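All remarks here apply to the structure that follows.
Atoms within each ligand, like the ligands themselves, are counted from 1 in listed order. Fair warning: this is a prediction, and the values are worked out from it, not measured in the lab.
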Amino acid sequence: MLTPIWPKTARRNANDVLEIGGVDVKRLAAENGTPLFVIDLEHLDNVIEDFVDATRDLDVKVYYASKAFSQSTVLQKMVDSGFGVDVASEGELRLALLSGVPGEEIILHGNNKSVTELELALSNNVNRIVIDSFDEIEKLTLMCGRENTHADVLLRLTLGIEAHTHEYIATSHEDQKFGLSVFSGAAEEAVRKILENEFLTLRGFHYHIGSQIFEPKGFDEAALRALEFMKLLHSKYGFITEELDIGGGFGIAYITTDDPLDIRVMVSALVEKIRKETTNRGMPMPRIAIEPGRALIGGSTVTLYEVGVVKPIEVDGGMSRLYVSVDGGMSDNIRTALYNAEYSAMIGSREALGNSVVSRVVGKHCESGDIVINDAILPSDIAPGDLLVVPATGAYHYSMASNYNLVTKPAVVGVQNGEVQVLIRRQTLEELFDLDPNLGR
Ligand code: LLP
C-alpha cells in the first residue's frame with residue numbers, strides 16, 4: 001500500500017516493480033505502449049461503493065459527471081450502482097445511450113445546447129434537461145410544441161459563489177457564462193416563464209459552484225442562497241421545489257499534502273444542513289442530487305510514461321534542475337499548463353537508487369509550457385527507458401486530451417486481479433490522417 005494518492009492496489013513487487021491490479025507496469029508498457037492510462041478497477045469499485053454508502057440512507061441521487069472520463073465500461077459500472085449520468089454534449093449523450101444508460105438516468109447540461117442535443121434528449125426521454133438561458137426556454141418550447149412532447153427541467157442558478165480547493169469567493173454576482181442569477185432577477189423571471197409554459201415542467205434547481213473543492217463552506221453558502229431563492233418562490237408563487245441538484249466539485253488528492261474531506265462526512269453534513277434550513281423556512285425537503293466526476297474516477301488512474309531524455313539545466317545562481325522528458329505531455333495532461341495543477345511521480349520499472357533531486361517532468365511537444373510536473377522530486381539516477389508513473393490522472397486527462405503535434409491519444413486499460421482489459425485503444429496516425437480528405441495517399 002502506497003500513500004493515498006496512489007490507487008488502492010498499487011504496490012511494489014519482489015523485483016521492486018510497481019504493480020497495479022496485480023499487473024506490473026513493465027508488462028503494461030510492453031503490451032500496450034506508452035503513454036498509457038491505467039485504471040485500477042478495484043479502486044474504482046471501492047470509490048463507487050463509498051458513494052453508494054455515503055448517499056443510500058440520505059436518499060441522495062448520484063449522477064456521474066461523464067465529462068471527467070467517458071467510456072462504456074465505466075458508465076455501466078455507474079449505472080449498475082444505481083447512479084445516473086450527467087452529460088454535457090451530443091458525444092457524451094450518445095456514448096451514454098450506446099453504453100446502455102437509460103434516458104431516464106441521464107441529466108443534460110450545457111450553456112449552448114444544440115437543436116440536435118435537445119432533440120436527442122427529448123426522443124430518449126432524458127430525465128432532466130437543465131435550462132441555462134432564456135433562449136433555451138424558447139428553443140425547447142418550440143421543439144416540444146412541434147413534436148407534441150413535454151420536458152422535465154431544472155433551472156441552473158448562479159448564486160455568486162466560486163469555489164476551488166481551499167477557498168471560495170462569495171459575491172453578489174458572477175461574471176461567467178453559466179446559469180441565471182438569483183440576484184439580478186433573471187432566475188425568478190425564468191421560473192415565471194417556465195411555470196406559464198405548457199410544455200415544460202419545472203422540477204427544481206441546479207447549481208455547480210466549482211471543482212476540486214476541499215472546504216465545505218462554499219457548498220454550505222451556496223445551499224443557503226438556493227434555499228432563500230426557493231423560499232421566495234414558495235411564498236410568491238406557491239412553487240414547491242421537488243429537486244435540488246447541487247452539482248459536483250468534491251476534491252481529490254493529487255499530491256500528498258492535499259487533504260480532501262471524506263465524502264461521507266461532507267455529503268451527510270451538507271444534506272443535514274439543507275434539511276434543517278428547509279424546515280426552518282417552512283418548506284418540504286427537496287430530493288437532493290450530486291454530480292461528482294473527479295471524486296469518482298480521478299484517483300483510480302495513473303499515467304505511465306517512458307523517459308526519453310534526462311538533461312540537467314543550470315538555473316539561477318549555479319543551481320541545476322533535472323529536466324526529465326517523457327513521451328507524452330500537454331496532449332495527455334493539459335491540467336498543469338491550464339491550471340498550474342500539481343502532481344508527483346515515481347519510477348515504476350525499478351528501484352530508485354540515487355538521491356532525491358529537484359526535477360521537472362516535461363513532455364515532447366514543441367512548447368516550453370509543455371510541463372507535466374513543475375516540481376518533482378525524483379531520484380538522480382533516473383534515466384532514459386525508465387517508466388515514470390503519475391497518479392490521480394483519471395479525471396479530465398483523457399477527456400481533455402488533444403492531438404497537438406499530431407500526437408495520437410493514448411490507450412486506456414483497466415487492470416484487476418492480474419488481468420488487463422483495453423477500455424479505449426490507442427488512436428492511430430492513420431485515423432488522424434483520414435480526417436484530411438485532401439491528403440494524397
Ligand atoms: N456538474 C457540472 C454541471 C459541472 O460543470 C461539472 C464540472 C461537474 C458536475 C463535475 O465536477 P467535478 O466533480 O468533476 O469537480 N477541467 C477541470 C474541471 C472542470 C469541471 C467542469 N465542470 C479540471 O481538470 O480540473
Exercise. Under the side chain to side chain donor-acceptor pair (under 3.5 Å) test, which residues partner Glu342, sequence neighbours left out?
Worked result: none
Exercise. Sequence neighbours excluded, which residues qualify as ring-ring contact (aromatic ring centres under 6.0 Å, His included) partners of Phe219?
Worked result: Phe250
Atoms in ligand 1 flagged as close to [X], the criterion being non-hydrogen separation under 4.0 Å:
X	answer
Ala65	8 (C), 9 (C), 10 (C)
His206	3 (C)
Gly293	12 (P), 13 (O), 14 (O)

How far is [atom] from its nearest protein heavy atom, and which residue and atom name does that atom have?
atom	answer
atom 14 (O) of ligand 1	Tyr396 OH, 2.6 Å
atom 16 (N) of ligand 1	Tyr339 OH, 2.7 Å
atom 1 (N) of ligand 1	Glu291 OE1, 2.6 Å
atom 15 (O) of ligand 1	Ser211 OG, 2.3 Å

For this session: Using a strict 4.0 Å threshold on nitrogen-to-oxygen distance, state whether Glu228 and Arg281 make a salt bridge.
Result: yes
Exercise. Between Glu105 and Lys61, is the closest basic N to carboxylate O distance under 4.0 Å?
Worked result: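 Here Lys61 pairs with Glu105 in a salt bridge, since their nearest N and O are under 4.0 Å apart.
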Exercise. Should Leu423 and Gln421 be marked as a side-chain contact (heavy atoms from CB on, under 4.5 Å) after you check the CA-CA gap, both sets of side-chain angles, and the distance that decides it?
Worked result: CA-CA 6 Å; Leu423 301 179; Gln421 188 190 351; 3.9 Å; yes
Exercise. Can you tell which of Asp245, Asp86, Asp152 makes a salt bridge (charged side-chain N to carboxylate O under 4.0 Å, His left out) with Arg128?
Worked result: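 Going through Asp245, Asp86, Asp152 one by one, the salt bridge (charged side-chain N to carboxylate O under 4.0 Å, His left out) with Arg128 is satisfied by Asp152 alone.
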For this session: Pick one of side chain, backbone, both or neither for how Asp86 approaches ligand 1, counting any non-hydrogen atom pair under 4.0 Å.
Result: side chain
Exercise. Would a distance-only check, ignoring hydrogens and angles, find a side-chain to backbone donor-acceptor pair under 3.5 Å from Glu431 to Thr428?
Worked result: yes
Exercise. Quick one: does Pro292 get a heavy atom under 4.0 Å from ligand 1?
Worked result: yes
For this session: May I ask whether Gly249 places a heavy atom under 4.0 Å from ligand 1?
Result: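 Judged by the 4.0 Å heavy-atom criterion, Gly249 does count as contacting ligand 1.
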Exercise. For atom 11 (O) of ligand 1, which candidate among Arg335, Arg294, His208, His397 holds the nearest heavy atom?
Worked result: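 Nearest option to atom 11 (O) of ligand 1, by heavy atoms: His208.
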Problem set entry | The one among His109, Met400, Lys67 that brings a heavy atom closest to atom 2 (C) of ligand 1 |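 Selected option, by shortest heavy-atom distance: Lys67.
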Exercise. Looking only at N/O atoms, are Arg156 and ligand 1 under 3.5 Å apart anywhere?
Worked result: no
Exercise. Tell me, do Thr303 and Val389 make a side-chain contact under 4.5 Å, heavy atoms counted?
Worked result: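 They are not in side-chain contact.
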Exercise. Do Leu388 and Leu378 pass the side-chain contact (heavy atoms from CB on, under 4.5 Å) test, and can you show the C-alpha distance, the side-chain angles, and the key distance before you say yes or no?
Worked result: CA-CA 10 Å; Leu388 195 71; Leu378 290 172; 3.9 Å; yes
